[in-house]
Structure formats: C-alpha cells, structure tokens
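I have placed the structure first, in the form of structure tokens, so that the comments after it can refer back to it.
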4 protein chains.
Amino acid sequence: MKTKRSRIKTDSKLSGITARPGRPRSTTSHTAILAAALKLLRKKGYRSVTIEGIAAEAGVGKQTIYRWWPSKAAVVLEAFARYTTGRITMPDTGNVRGDLEAFLVQAFDMLTRESGQLVRSLMSEALLDDEFAVSMRDIFIASRRSALREILNNGVERGEVASDADIELTIDLIYGPMWYRLLNNHAPLDLKFAEQLSEMIAGFMGRPD
Amino acid sequence: MKTKRSRIKTDSKLSGITARPGRPRSTTSHTAILAAALKLLRKKGYRSVTIEGIAAEAGVGKQTIYRWWPSKAAVVLEAFARYTTGRITMPDTGNVRGDLEAFLVQAFDMLTRESGQLVRSLMSEALLDDEFAVSMRDIFIASRRSALREILNNGVERGEVASDADIELTIDLIYGPMWYRLLNNHAPLDLKFAEQLSEMIAGFMGRPD
Amino acid sequence: MKTKRSRIKTDSKLSGITARPGRPRSTTSHTAILAAALKLLRKKGYRSVTIEGIAAEAGVGKQTIYRWWPSKAAVVLEAFARYTTGRITMPDTGNVRGDLEAFLVQAFDMLTRESGQLVRSLMSEALLDDEFAVSMRDIFIASRRSALREILNNGVERGEVASDADIELTIDLIYGPMWYRLLNNHAPLDLKFAEQLSEMIAGFMGRPD
Amino acid sequence: MKTKRSRIKTDSKLSGITARPGRPRSTTSHTAILAAALKLLRKKGYRSVTIEGIAAEAGVGKQTIYRWWPSKAAVVLEAFARYTTGRITMPDTGNVRGDLEAFLVQAFDMLTRESGQLVRSLMSEALLDDEFAVSMRDIFIASRRSALREILNNGVERGEVASDADIELTIDLIYGPMWYRLLNNHAPLDLKFAEQLSEMIAGFMGRPD
DNA sequence: GACTAACCGAGACGGTACGTCCCGTCTTAAG
DNA sequence: CTTAAGACGGGACGTACCGTCTCGGTTAGTC
C-alpha cells in the first residue's frame, strides 16, 4: 500500500519527533473505509466497486479516501492484506515433500473457498497498473514466496535437497501452475493437484546425485 | 469472439435455407474496427483504449461495434487473434526436450518482444469477466495448449514419454511458470528459463520405469 | 400532407395514362402504417412515438415510411386527418348565435374527450417546423376556419350580421380563446365557455348600427 | 424553473438552521449556462440546441446542467425569464381601452421583433411535457395575465367596467387571439389588430346596463 | 483561551466514457 | 420498382464515476 504520508507518521513514534500539528488521522474512518471496501467487494465484485461507493458505505467523504490511498486497488489491497494477515501457517511434517503438500493444500483451500476471486481481481489490476503491481508484489506475492523459500531451505538444511538447487526457480515451478489454474479456471486447485505438484517438485529437487 | 447471431450460412440452394434478409454486415467496417483497435492499443495501451476511440479511429458508428462485440476486450481479443494467427510454428527436433525448448524459446520471444503487454491486458479483463474468460480460453489459451499437447503426444509415440503420462497436468506445469513470470514480471522469460523448464519436464516425464 | 409522388400517381387513373412500371405502392402497408401510428400515439404519446416504432408495429420497413412521408409529424397528421374526416357537422339552428354555440359545443366536446392531446402534439410540431406548419394549416386549421366562415356568412345572408363585418377577424376572436385554453389548460372548454364566447361574438357582430 | 432543492436559505443565526453542507452552487456556472443557452438559441434555433451544446459553450460539465434543471426547455425558460424580467411596463392612458391598446402594441411589438420564435418554442415544449407546462404557466403566462388583470381592474375602479365583469374570461378573450395568431402565423400581430382587439373588449365590457 | 493546522463530511465541479436510442440512408434478396 | 429486413455513420441522450475543489465544522497542539 502506498500512502502519501503515512510512513512519515509511522516513523515519528520511533524517532521521537513530535506529531505533526493539526487534527490527526481518524482511525474510525480508516477502518470504516477498509470494512466498507471488503463488504462491497463481496456484494458486488471488484469491477462494480467504486471509490464513491466505498465512501458512501463508510459514511466518509471521498477526499478522505483520496488523501490516504492512490486508487481503489490500493484500498482493496490493504483491506485484503489485513484480512489475510497471520493466516499463513508454516507446516512441519519433517520432510520437504510433506511440508510442501501441506502448505499447498492450505493455500489451495483458501483460494478455492474464500479469496480466489479477490486475488484474481487484484491481479487484474496489477496487470494494468505497474505501480500497483509493485505494491502487490511487496505485500502479497513476496510473503507467499518467502514461505515457500523457508520450506525449501529447510529441506536443504536437512540434506533432502541439493545445496546448489535453484530455489527461486523452484518457487516459480510451484506457484506457476497454481496461479495458472487460479487464473484460467480450467482445472481445480484440489488435493490431487497438491500431491502431483509436490511429487513433481520432490522429483525435481531430490536428485543431488 | 461472440456475436449475437451465427454467421454460418449454408448453401441456400442445397439446404433451402435462405440468406438472412437485410443489409449484410460490412466487411470494410469490420476490418477497420480491428485495425483501429490494434493501432490504438499500440499507441495508448489497453486501459486508455475506449470503444468511442476505436469507433472514431475506424470512422464507424459506436453501435456498429456494439452490434458485433460485447465489450472492448472482445474487440481487442479478435484483433489480437487475427494478428497472431499462423504465428505458432511447430518445431521438429526429433525429441521432446528439443521440441519443447524450441517451442518455448519462440513463445518467450514473442511475449517479450511483442505481445506481452497485450496478453497481460487480455488476461486482466478475463479475470473480471467470466464470459470474456471463456472466449479467451477458446480462442487463445486452447490453441497454445493444443500445440504443447501435440509435442508431448509425439513424444509418447516415439516412446520417449510414458504412455500413461498425464499430458494435461504436464501442460499446466509448463505454461504455469511461463504465465507466472509473464504476470509478475519478477524474472525474465529468457533462453535460460526455456532450458530449465524443458529439462524439468523431460525429467518429470521421461521416467517410464 | 406532403408526399414525394402520390399526386402523380393519383392523376394517372384519371388521365388514362397507364400506371408506372414496377411494383405498385402497397395499400396494405399504407393503412397499416397509419393504424400503427394512431395506436402508438394513444399508448405512448407523441413524443415517444418513433418512425422505427411505427415501422415495427406496422410490420413494415422504415424506408417504406420515408418514401411516402417526410416526417413522423406528417404520418401522424394524415392518420389524424383520416380519423376526423367527416366528423364536423354543420349546425342549423336558424341564427348565428345558436349555430355558433352548437358548433363550439361539438368542437369542445371532441377536443376534451378525444383528440385534445393529439391536436396539442401536432401543434407542438408545427411550432418548430415551418413546413409541417403549412401542412397542418392546409389540412387541419383551414377546414375548421371555413366551417366557422360558413356559419358567419349565413348570418350575413340572413341580415343578422353587418355585411361589412370582418369575418376573418371574427374567426380569430372565436378560435383564439379556444386554442388558448386548449394549449394552456388553465380553464375548461365547457358548455359555459361556449355560451360566453357565442354571446361575446353575437355582441361584437350584431350591431350594424 | 425547477430545482431539486429549495434554495431558500434563511439566516442561520436567527433560525438556527445551518447552511447546507458541501460545496455551494457555482453562480459562475449558473450564469454561464443561461448565457450559453440564450446565445445558442439565437444562433441555431431551439430544436438544434442541445444540452451537450450548452454545456460545451458554457464550459461546464453536462451533469452541472442536469443537477439543476430537468430539461433543455427548463434552462431555456429560465434564460428567457431572466432576459425579459422587467420588460413589461404598465401603460397609464386614463382609460381601459387606451391602456389595453398600449399594452398590446408593446406586447405585439416584442413578439414580432424579438421573442416570437422563442415563445413558440417554449410553448411547443409545454404542449408535450406537462411538468414543464406548469413551470411555464407559473413563470411566463401568469405574469402576463396579471398585467392584464391589473389594467382591467383599474377600469372597474374607475367605473368604466361593470363591477361584475368576468375578468378571467376577458383575459382569455384578449390573449387567445394573440396566441392564435402567434402560433398559426396566418395574420400579423400589428397595430391594427391591437386596435381591433381593444375595441372589441371595450365593447364587451363596457355595457354595465 | 485564542490561534493555527490538518482533518473530516458533504457535495458541487469539469470532465470522459459509457451503452442506448433513434435518425435518415444504404444494401441485400424477394415479389 | 416496391417491399421487409436490417446494417450503417452519426448525434445526442441521461448516467456513472473520476479526481479536484470548496464549504462549514472538528480536533488536536502551540502560543
């Protein structure tokens, strides 16, 4: 998420610089906006959500939104980020393949049952707006990648995975098919797919010989 | 592409079905619209292209566009489909891995040098519009998948690939990473990636034992 | 009513000249158009009636309408003219005042119960289109004026009215208030008004001294 | 003229009613719109004037027009009302007939030389739109009627006119013929007609016997 | 306790594009 | 040559939102 000033303000606590003068940002409005965004998303879908609609639903002036977010996509992204924070739990089955499968099952489940359409909407926006794409990569994609990275690195430490394996490539080989199915909807993100993917990756990585 | 009525026009003499009454569709306008769409796309990018703009550029009434296409995305998709028709050439190197690599090099090259942004735009639309997503799958995705399918089936015939291999899954494993990089732009679609993908797939499929 | 060719054709029967070659004008379509126009007028009001709507309702091509009438107003005017033909009956009470009152009662009644809104619509068009105004004057206004003229001239012959009375002015003094109320709708076209008008006119004309 | 909300804004200090929130209506735009409407009317005639054209000419968004007026006719009516405000001057010749003649000469002159076509256009609209007709009656017709009413009432006070005369009917008898000629254009609104009308009315009213 | 600054709601503003309606013209095949 | 059908270029409609602006009013810290 990008705001015009928020970082400055966030720093003030740490740096001991006193708060800027004037009325401080209303947390009530802030949360009301995010809640409204989420609600409207569910009810009408991303395309039909408008800044004007969010403002009305939140009982807030449009300017208050524009002051803190650059676009509708940014609001939605923050709302979604808040919503999913802490939802990723790291599995610990003892081996890479098990961890991977558990992780994918969890991810597929969430995308299938809850946030799939929302993630699609956000990606849709990212495809047309480079600045937003950066935000999305920073906030959303990066954290998912690093979760996988951790799983794979654990495998390296355990000796299951060759130490010179190309981790980043491997992550692409895992998330790639997942996104492909998510976006194209031509085949399900189900248990079987999680197994197949995990098996493939295990085969790909597991040959240090 | 979706039109309101089938353009199938069987031989009236034989079938007894007479041609539709009324002035026939203008091929001049049809091509002018597609040309205008392509031109504006290059000049201004998908988001800035409007139906109104295409109509003006093509010297055509807006209604003429709305009569034959349901949305801006549909026009662009048809324009793009025409543009790329016949551009996919099937490689013949004698083995699956070689064919695959050659095919991917070709595909990556085109996406990187020419049509990447356009494909991203179309996918963006497909993510928000299910009806359009179907069109896109039918016109664009399907033909790419069947190209890969042919390559893999050739491998089965040659005995390089196990006869019980899951071809559709394999296609996902190839196109998935390609799309993932295309959409997220976090790593290049380069020669090296083509090699890596081909190797991985060869490894994945090539063990009938 | 103005048509581009109808008079030529009308003459051909009389002059013995054989009909023009080609398919003759369809009387079926002609009457269907007028009927459709009248039907739509009643259902939706003049403003909402369109050439396209009439054509559809009549099961006729638009061109067929444009070939024979210059505008929607012309179609409506002809439909209305047909509808009212022969509806004006001349009263004969023996004196000007009685004739006038009877005539006005009849006219007011028709405008109030049936054709008021339609006449208003036609006048509306005439106010913006000079060519149509001429048609309307020829077809509609003129016949009403000559009816009154006859009544007044009968009075002159009987000696009730001064022979040098300004008949045309008098007609204006009668129809003026009638139209004024019809258009402004601020007061009714009722029996009392017919009496008052007749009395006023009798007073105005009846003093040859 | 009809606006969506009353612009009555009583003194907030006294009444305790605070001003409406939000950015106040722009007087600049308001006047620019009326000026543009008048200008376009003169240049192109009522039928060719469009809301879009007025907006462009005034340098204003279309919505700004739609926010405050329900139709093109309403804009034009307000523009015209402003334009004619204070143009009616009451004559004082000492007797009803003189006053009437002077008043009519003035009115005929204005309609003939300046505003005739505009008034016809407005009436055209009023004939098809009841809501607008009410506006027009309130703003335009009513003020003209009350001018005449004053002249006639003066006559009653002076004893020239019978005290039980039907003033409203008399007004119809005067304005009726005027409108009739204005609308049908079959005879001029000239000096002679003003005399004839005045004479007729004087005869009609001036018999207290 | 006044002053100042930034916030807030409300909503009007100039704009752009939408998708629709209908205009009057045209181009077919059929009669 | 007319007809029904219906596509065509075009113009305007009235609406939805955009992102900006301008009000009155609120809520803090600073003088």
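Chain letters run A, B, ... following the sequence lines, proteins first and then strands; every chain starts at 1.
Residues B:Trp68 and B:Val75 form no side-chain contact, since every pair of their non-hydrogen atoms from C-beta on lies 4.5 Å or further apart. Side chains of A:His30 and A:Ser26 form no contact here, defined as non-hydrogen atoms less than 4.5 Å apart. Between A:Thr64 and A:Arg67, some side-chain heavy-atom pair lies under the 4.5 Å cut-off. Proximity of C:Tyr46 to C:Lys72: side-chain heavy atoms (C-beta onward) are separated by under 4.5 Å at one or more points. Side-chain atoms of A:Ser121 and A:Val76, non-hydrogen and from C-beta on, never get closer than 4.5 Å to each other.
Atom P of nucleotide F:dG14 and atom CG of D:Asp129 are separated by 11 Å, given to the nearest angstrom. Atom-to-atom, CD of B:Glu57 to C1' of F:dG9 comes out at 16 Å; the value is rounded to the nearest Å. Regarding C:Arg47, its CZ atom lies at a distance of 15 Å from the C1' atom of E:dC21, rounded to whole Å. A straight line from CD1 of C:Ile65 to P of F:dA5 spans 12 Å, rounded to a whole angstrom.
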*Using a 4.0 Å cut-off on protein heavy atoms (strictly under), produce a 5'-to-3' string for nucleotides 13-18 of chain E with B for base contact, S for backbone-only sugar-phosphate contact, and - for none.*
BSB-BB
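Under the side-chain contact (heavy atoms from CB on, under 4.5 Å) criterion, D:Ala36 pairs with D:Ile54, D:Glu57, D:Ala58, not counting sequence neighbours.
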